[in-house]
Each structure stands twice: as structure tokens, then as C-alpha cells.
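The shown structure was predicted, so the numbers you read here are calculated from the model rather than taken from an experiment. We name chains A, B, ... by the order of the sequence lines, and we start the count at 1 in each one.
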Amino acid sequence: MSDAADARKPSGAAVEHEAELPSLARTVEALLFLSADPLSPAELADATEAGEGAVLAALAVLAEQYAPGRRGLRLRELGGGWTLASDPSTEDAARRLLSRPRASTLTPAQAETLAIVAYMQPVSRPEITRIRGVSADSATATLLERGLIEEAGSSQFGAVLYRTNSHFLKLFGLRSLEELPDVARWDASPDEQAELRERLLRAGEARAS
Amino acid sequence: MSDAADARKPSGAAVEHEAELPSLARTVEALLFLSADPLSPAELADATEAGEGAVLAALAVLAEQYAPGRRGLRLRELGGGWTLASDPSTEDAARRLLSRPRASTLTPAQAETLAIVAYMQPVSRPEITRIRGVSADSATATLLERGLIEEAGSSQFGAVLYRTNSHFLKLFGLRSLEELPDVARWDASPDEQAELRERLLRAGEARAS
Amino acid sequence: MSLAALELDLDVFSGPFDLLLTLVLREEVDLLELALADVVLAYLDHLERRGELDLETSTEFIVLIAALLELKSRLMLTGEEEQLLDIEPEQAAEELLARMLDARRYRAASAHLADLLAGEHGVRFRAAPLPANLRRSIVLQADGSQNPDVLGEAIGRLLLVPPSINVRHIAMPRVSVAERLEYLRGLLRRGCFSFDDAVRGADRMTVAVTLFALLELYKRGEAGWAQQECFGEISVRGLSRQAPAPALALAGGGSGGPAG
């Protein structure tokens with residue numbers, strides 16, 4: 001990256017030194033602005049023809065620039081890369097401007113289906129249905145349409161498999177799928193399981209008699 | 001617009017006063033970031049529920065922040081509105097990043113859909129779905145977006161028909177559709193005499209059932 | 001109009017629907033070989049040709065085709081039927097429990113996801129097309145970079161007809177509809193009876209076949225029935241042909257029988 005841009009700086013402007021970004025940070029800022037998806041340090045290094053260490057240093061400069069409360073934008077690490085996003089404090093004005101709420105709600109059926117896809121991916125629709133106990137067709141269709149999940153080939157039996165994608169990570173503020181907590185933490189305790197089992201058997205006996 | 005966001009500022013951070021934007025400037029910055037089109041001071045005033053004078057003052061603050069050479073973005077006045085754009089000095093890096101052929105391989109669903117369109121054209125989406133045994137909507141949309149297929153009128157039942165185009169031929173290095181590989185090479189059941197379309201539909205229905 | 005007017009032209013049978021039913025009941029047409037979807041399609045064509053919907057015959061058709069479907073699905077499952085029937089209550093409970101725990105786990109995980117999403121409230125990302133000066137280069141994909149064989153392989157894959165499932169090994173049912181018809185007629189000659197009494201102690205297959213026989217008696221106008229409440233007792237009585245029972249009562253009888 002050349003420093004040619006510096007030459008264009010109007011000589012008369014009263015520029016605070018702190019406010020002037022180093023050349024590489026400027027380029028990284030522009031790339032983050034242009035790209036629809038989070039960019040990894042490796043992608044940024046390739047595009048800027050700089051070393052990854054230099055890119056990380058530039059990201060650190062930007063992170064300070066975009067520290068919470070300083071600007072209307074934030075620098076976020078999401079889905080294995082970096083991206084710019086609006087600061088939540090600007091949401092009211094954004095909603096008035098774009099006249100649509102940020103699509104942020106999921107129905108319980110959609111949330112359950114998404115949770116199953118997120119934890120079990122790749123997973124087929126029959127499998128989702130088996131776990132939920134009710135059909136997941138319409139929830140799956142909506143999640144596909146909203147771009148939160150995508151097709152991931154077919155199972156050996158020919159059923160379409162689904163997985164989450166980078167848009168999902170972005171929307172849920174996740175750096176990677178590893179940030180999802182271990183699903184086992186929500187399992188019932190042995191006591192609860194024993195109680196459930198007993199209730200089930202009682203219900204079965206009542207029906208049989 | 002409330003100043004609540006200021007409360008979130010980390011107290012320990014060494015924040016230069018110059019780098020912290022006033023609340024309204026922050027909001028205007030976020031709106032300019034989110035909007036793909038230039039925004040007029042009147043639109044900004046409506047969205048921020050501030051006076052147009054205050055908005056102009058906020059734009060002046062931003063104009064200084066984004067003065068040429070200071071950042072990777074520029075604040076530009078275009079057609080009576082304001083917009084953020086990447087600085088021209090970052091264009092080389094942007095081109096290296098964005099001109100890379102992304103998603104250049106076809107997913108199995110896309111390959112199947114493209115093959116059906118290539119061999120059977122013109123063909124409607126319901127017919128593609130019948131042949132694949134599963135929905136082809138998302139694959140069709142991607143192929144359309146990538147410019148590999150295009151609409152070719154409507155069937156007698158009103159369904160949109162698709163065909164491949166010259167971009168498809170170029171990308172696959174074909175002089176004409178006649179150069180598509182002979183189906184017999186891949187044929188699973190060469191002894192059958194029925195027409196290709198009929199056999200594809202029959203196999204698709206067997207798969208879907 | 002009667003269902004007798006419904007002419008069928010199927011792979012394994014050609015003739016009126018009534019005759020098909022009789023042949024199925026006499027086991028002269030193999031229900032396993034009968035594509036019931038084709039029967040439904042033929043009926044829909046028939047309706048369309050007539051241009052009017054006769055609720056009574058439509059209901060009758062739905063009831064009969066549902067009974068055929070039920071019987072056919074049980075025929076197809078005969079192999080597993082033994083296991084399903086002989087499953088121990090504890091084992092059934094364990095399986096159910098495992099499913100409930102699975103569902104519960106992901107329901108809790110979904111609540112976590114909903115929290116994450118709520119925490120991101122107000123965060124928006126830029127969604128704008130690339131500026132024109134950069135846009136031109138993005139479609140610059142090398143000509144000839146894709147291999148046409150990918151398309152050939154895909155078509156070959158699509159031409160593969162999956163092997164059809166062989167159901168020859170499935171054993172014939174131990175109870176025949178004809179047998180249950182005679183049994184029900186015997187009960188009818190003695191007067192009213194309740195369906196539960198008629199199938200007391202019988203296995204699920206016998207219950208299903210008895211129900212189908214009962215449907216046949218209804219269709220022939222030999223029997224009618226009444227059910228006071230959902231899942232309640234179904235009392236069956238003999239009929240002389242002039243007064244068919246309300247068709248809707250059948251739905252309750254259908255779900256009440258096997259559940260009992």
C-alpha cells in the first residue's frame with residue numbers, strides 16, 4: 001500500500017494528529033465498510049498486501065477509534081472475521097429512517113429449529129422433526145428465506161441437510177460456533193430424569209388399565 | 001435522541017476528547033453508514049428528530065472527521081444528499097479483495113439445477129423441482145444472481161421458464177450447447193429408449209415418493 | 001350419484017371403484033400392489049368432470065380411502081408389528097423419555113439463542129451494493145474455469161432411479177376382512193353391540209381389520225353406529241338399508257376404536 005493518499009491531504013486543514021489514521025488502518029477501514037461479510041485478518045492481509053501482524057495492529061488502532069461510545073459505529077469480531085456495525089444507541093433513528101424494525105424476533109418453532117441446526121449441523125429435516133416431535137417444514141422454510149440456515153448437501157438417504165451460515169453468526173453476535181455453550185448444560189439432572197421417567201410409567205399404567 | 005449511550009463509555013479508557021463524537025453526529029454517522037443512498041439533511045432531521053440546523057452542524061463535525069487523508073472513508077455530498085464512500089486511495093486493495101471469484105464452485109444442488117436447465121431448456125421451476133425431488137428455489141435464485149441462467153418467458157401454465165445464457169457458455173468453455181457432455185457417458189440406464197425429459201421426471205418422482 | 005360411477009383404470013385393476021373394494025375385501029386384489037394415490041387422482045378427475053361436489057359421496061369416499069390407507073400401512077408394517085406390539089412398557093417409556101429429553105435440551109438451547117438475538121438488538125449491518133467502479137470486476141470470473149463434466153455427472157445422478165422397496169417378504173395378515181365381516185354379521189344377528197366388546201382382547205391388527213369390516217358394513221347399509229362422546233363407547237346396530245347413519249359419526253369411531 002503506497003502512501004500516495006497522504007499527499008492529497010489539504011495542507012491548510014487543522015488536523016489533530018490523533019485523528020489521522022495510519023495508511024494501512026485507513027485501507028482496512030474502507031475494506032470493512034465495503035464488504036458485506038466479516039473479513040478475516042488473512043483476507044485483509046491478502047488484499048492490502050501487508051503482513052498479518054501489521055493488519056492486526058491496524059485492527060487494534062481501529063478498535064480504539066471505534067471504542068464503544070466514541071462513534072456511531074462499532075468494530076465487531078464476528079463469524080471468524082471483523083466487520084463494522086451500527087452502535088445500538090442509534091437504533092431508534094435507524095428504525096425511523098429505514099422504516100422497518102431490525103428483524104430480530106424468532107417464533108418459538110423457528111428458534112427451536114435453529115437451535116437444532118446450530119448444534120447438530122449438518123442435519124436433515126426429518127431429523128429435526130424427530131427431535132421436535134412436530135413438523136419443522138414451515139420453520140425451516142422461514143429460516144432459509146431469512147438466510148440464517150442454508151443447504152449443505154444431502155444425507156445418504158437423499159434428504160437435504162442444513163447448516164447455519166455466516167449471516168447467522170453475524171446476527172447472533174457470535175465470533176464462531178464454538179461460542180455456543182455446550183448443549184449438555186441444559187440436560188435434565190439425574191433426579192429430574194428419574195422423576196420424568198416415573199411420571200411416564202404412571203401415565204402408561206393408567207392408560208393400560 | 002438521548003445521551004444514554006455516553007454512560008456506556010468505559011471509565012478507564014484513555015479517550016481523546018477530539019475522537020469522541022457528539023451524540024447527534026454519532027447517530028448521523030450510523031445512518032450514513034447504513035443507508036446505501038445519499039441522505040438529505042431533511043431525511044436525517046426526520047430520523048434523528050433533531051432540527052435541520054443541528055443536523056448540518058453534525059454533518060460539519062463529520063466532514064472534519066472524514067476530511068481527505070484522515071480516514072479510509074470520505075463524507076461526500078452527492079445530489080443534495082450526504083453519503084459515506086471508500087477513499088479512492090483504497091481502491092486497489094478493494095479490487096484485490098472483491099474481484100476475487102468468490103463461491104466459484106457450485107454446490108451439489110446448484111450443479112443439479114444448472115444441469116437440468118442446461119440439458120432441458122427452457123424448463124420451469126416446478127419441473128426442476130419434480131426432477132430433483134426437492135425444492136430448487138434457493139439454487140435457482142443463486143444461479144440467476146450469478147448470471148448463469150436467465151428467464152425465458154412463461155410456460156403455458158404461467159410458470160417462469162429458465163435457460164442458460166452466453167455467460168454460462170463462456171464460464172464452462174463451451175462454444176455451444178451441443179458441446180455439453182453426452183448424457184450417455186453418465187447414463188445409469190442406457191437401455192431405456194424414453195426421452196431424457198421423461199426419464200428424468202420418472203426418476204425424480206421415484207426419489208420424491 | 002354413487003361411488004359406483006367412479007371408473008378406475010389402474011395398473012392392477014380396471015373397473016368400477018365398488019368392484020375394486022369387493023375384490024380387495026375378498027383378497028383377490030393385493031392391497032400392497034394397489035397405488036391408492038392413483039385411486040384418489042381418479043376420483044379427483046371424476047369430480048372435476050362432474051363439476052359439482054356431492055358432500056355425502058365425497059365423505060364416503062374419504063372414509064373408505066382412509067380405511068384402505070390404514071389397512072395398507074398396517075400390511076406394510078407387518079414385519080415390525082410384532083416388535084411394536086411386544087414392546088415392554090418400560091422400554092417404551094425409556095424411548096419416549098429419551099425423546100422428551102432431546103426436545104427439552106434443544107428447547108432450552110433455543111431460549112439461549114433468543115437471548116443472544118435480543119442482546120444484539122439495535123446492531124445493524126450495512127447492506128449496500130458495491131460502488132459501480134468496483135462492481136465491474138466482481139463478475140470477472142475466468143472463462144472456461146468451470147468443468148462441463150460437473151453438469152454431466154449431475155444429470156447422470158438425476159437419471160438414477162432409486163431401487164424400489166421390496167415388500168414381498170411381508171407376511172400376509174393373520175386376520176382377513178372377510179373373516180371379521182362374518183364375525184360382525186354374527187354379532188349383528190344377535191342385536192346391538194359395542195365396538196369395544198367386539199374387539200375385546202384382540203390385537204391391534206385385528207382391531208384395525210374389524211374397523212375396516214365395520215366400514216364395509218356401513219357402506220353396504222347393513223350397520224350404523226352412534227358414539228355419545230369423543231373416544232367414548234361406539235354402539236353398533238343393524239340397519240335395514242333405508243336409514244344410513246350420519247357419516248360424521250364415523251370419524252369418532254375411527255379414532256375411538258384403535259385407541260381403546
Side-chain angles (χ1 to χ4, degrees), chain A residues 1-2 4-10 13-16 18-21 23 25-35 39 43-44 46-49 64-65 67-73 84-90 92-98 141 144-145 150-154 158-160, chain B residues 1-2 4-10 13 15-16 18-21 23 25-35 39 43-44 46-49 64-65 67-73 84-98 100 107-109 133-135 137-139 207:
Chain A
M1 179 71 217
S2 86
D6 288 329
R8 271 195 245 115
K9 188 172 65 188
V15 176
E16 298 287 331
E18 295 85 350
E20 186 168 333
L21 293 180
S23 165
R26 286 207 302 271
T27 308
V28 169
E29 185 182 39
L31 296 181
L32 295 176
F33 171 79
L34 289 170
S35 174
L39 295 171
E43 285 173 301
L44 288 167
D46 275 357
T48 56
E49 298 185 330
E64 201 198 323
Q65 277 285 322
R70 292 182 74 169
R71 313 191 63 88
L73 309 178
L84 289 172
S86 67
D87 190 277
S89 67
T90 66
D92 289 347
R95 187 174 331 147
R96 281 189 291 268
L97 176 75
L98 304 168
L144 272 174
E145 198 172 306
E150 61 188 22
E151 293 188 7
S154 313
V160 181
Chain B
M1 180 67 217
S2 87
D6 289 329
R8 273 197 244 110
K9 187 173 65 188
V15 177
E16 298 286 331
E18 295 83 352
E20 186 168 334
L21 293 180
S23 168
R26 286 208 301 270
T27 307
V28 170
E29 184 182 39
L31 297 181
L32 294 174
F33 168 77
L34 291 173
S35 172
L39 295 171
E43 285 172 302
L44 288 167
D46 275 355
T48 55
E49 297 186 329
E64 199 199 322
Q65 277 284 324
R70 293 183 72 171
R71 313 192 62 89
L73 308 178
L84 285 175
S86 58
D87 191 276
S89 68
T90 65
E91 191 167 320
D92 287 347
R95 188 155 288 142
R96 276 192 293 272
L97 177 76
L98 301 165
R100 215 175 300 146
T107 66
V134 289
S135 157
D137 294 7
S138 119
R207 249 192 316 277

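Between B/Arg26 and A/Asp87, the closest side-chain pair of non-hydrogen atoms is not below 4.5 Å. Counting heavy atoms from C-beta outward, A/Leu34 and B/Leu98 have side chains that approach closer than 4.5 Å. Within the 4.5 Å cutoff, the side chain of A/Leu32 has heavy atoms near those of the A/Leu39 side chain.
When all heavy atoms of B/Ala109 and B/Ala139 are compared, the closest pair comes out as O-CB, 3.9 Å.
Only the backbone of B/Ala85 comes within less than 4.5 Å of a heavy atom in chain A; its side chain stays farther off.
Put simply, of B/Val28, B/Asp137, B/Leu44, B/Leu84, the one with the most heavy-atom pairs under 4.5 Å next to chain A is B/Leu84. With chain B as partner, the option from A/Glu29, A/Glu151, A/Glu150 having the largest number of non-hydrogen pairs under 4.5 angstrom is A/Glu29.
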